[in-house]
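Notes follow once the structure below has been shown.
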Amino acid sequence: MDKLILELKEHIIEQLNLQDLTPADIGDDEPLFVEGLALDSIDALELIVLLQQQYGIKLSKAEDGPKVFASVKTMAEYITANKA
Amino acid sequence: MKIYIRATESISPQLSFGNEGLLADLQVYEANRLSCLEPDYKSLIDPKQIRRMSRVIKMGVASALGCLKKADVEVPDAIITGTAYGCLEDTSSFLTKLVNQNEEMLTPTAFIQSTHNTIGAQIALLLKCHNYNNTYVHRGFSFENALLDAILLLKEQSAENVLVGGVDELTDTSFQILNRFGFFKQAFTNELYNAPSKGSIAGEGASFVLLANQPGNNDNAVLEAVSTFYKPATIEESQEKINRFLLDNDLSPNDIDVVITGRNGDETNDVVYDQLMSGMFRNKTEVCFKHLCGEYPTASSFALWMAASIIKKQKVDKKLIHHGEDVIPQRILIYNHSQGIHHSLMLISGC
């Protein structure tokens, strides 16, 4: 799980062009939206594409979004649970 | 009604940004491709916003914000941009992804950045400005049409001040394509204007002006008139259009102190300027600008920035004079054409 979390942080930094951040700056449980990284709705779409491109996972239910994208850790858990 | 140029700002291949006009330290390039000297954007633009901005957007936004700051205007009544190529690097990147990924899983940011009106929209977003916002994409008339729209807004009093800019970037791909069309010289020449040959030098830039319909305490100049004409069949037709433009403004060639021409070193391009400067403007001072910023479709925005600076300082830097005497400039005519197709005239005078 730790390896996946680190990898995910690297992908997020690259995909969202968070130039001044390193993986160490993003807490595993830190909120991604509103607080913490303070991402917005465009970033949410970028994260959906990231899941699909990097892990082949489509977010099937839009209502799951807030739970899945709550933090890097919840994203990693979702990937682990849904990866074929 | 007079239109006042309250402030100007430019990011160009010269040290123009943050400086009050031309040009303490002229940058001389030994290349046929000029790139902008860009400021540190992190000190100018909100870091959260900057990560979604490509180079041309940052150039446009920083130039626009700098212009507003100089004008002491927080939110303008209108934002109007002109760009021929738009956000070219992002367009190229988005289209490449579109093909490589079989039109699937395309990210929103690349799309947002690829549209021509992104620069105007980003300026508005940063300023939280919900006023009139428009972008003109009309090749060599893009900046001029943005100016004409601004003048209409100001004259009909729909706005008291309008932020107007011309922005175009040069990318590796666009340089290669335009080079293939023969637009640029194949070898560097330090005699750009004196030994015309085929092609010019490539350039880019982002220049903004803040126009107002009431005088301020520190205006740069007055924008008296703007006009365009399309694809004149002969040089005589161009001369006729210029005469008509001057007459419409109750002027004759004698009333012009300085002519800023769009001379770019291309032997075909420059013939019309040669004839004008040896004909109707034969005793007038000629200033050129494309050795400073290169050739691009909205290069006339750099010329306007330069003209406003010359008028404000009441001095023409000797290094800029291509032909004629040092004069105290009261009225400047800018005559530029893009590829012999899009011709424009701007008249600038003291306040």
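Sequence lines set the chain letters: A, B, ... in the order given, protein chains first and strands last, and positions in each chain run from 1. Source: prediction; values computed, not measured.
- Minimum heavy-atom separation, A:L45 to B:P108: CB-CG, 3.5 Å.
- Around the CZ atom of B:F111, the shell of radius 6.0 Å holds no more than 12 heavy atoms that belong to other residues, nucleotides or ligands.
- Put simply, of A:I42, A:L50, A:V49, the one with the most heavy-atom pairs under 4.5 Å next to chain B is A:I42.
- Only the side chain of B:I112 comes within less than 4.5 Å of a heavy atom in chain A; its backbone stays farther off.
- For B:R33, the CZ atom counts as densely surrounded, since its 6.0 Å shell holds more than 12 non-hydrogen atoms of other residues, nucleotides or ligands.
- Interface remark: A:I48 contributes no atoms to any contact with chain B (heavy atom separation under 4.5 Å).
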Using a plain distance cut of 3.5 Å, could you tabulate donor-acceptor pairs between chain B and chain A?
from, atom 1, to, atom 2, distance (Å)
B:K42, NZ, A:D20, OD1, 3.2
B:R51, O, A:N17, ND2, 2.8
B:R51, NH1, A:L16, O, 2.9
B:R51, NH1, A:D43, OD1, 3.1
B:R51, NH2, A:D43, OD1, 3.3
B:R51, NH2, A:D43, OD2, 2.8
B:R52, NH1, A:D40, OD2, 3.2
B:R52, NH2, A:D40, OD1, 2.6
B:R52, NH2, A:D40, OD2, 3.2
B:R52, NH2, A:D43, OD1, 2.9
B:R52, NH2, A:D43, OD2, 3.0
B:T109, N, A:E46, OE2, 3.1
B:T109, OG1, A:E46, OE2, 2.4

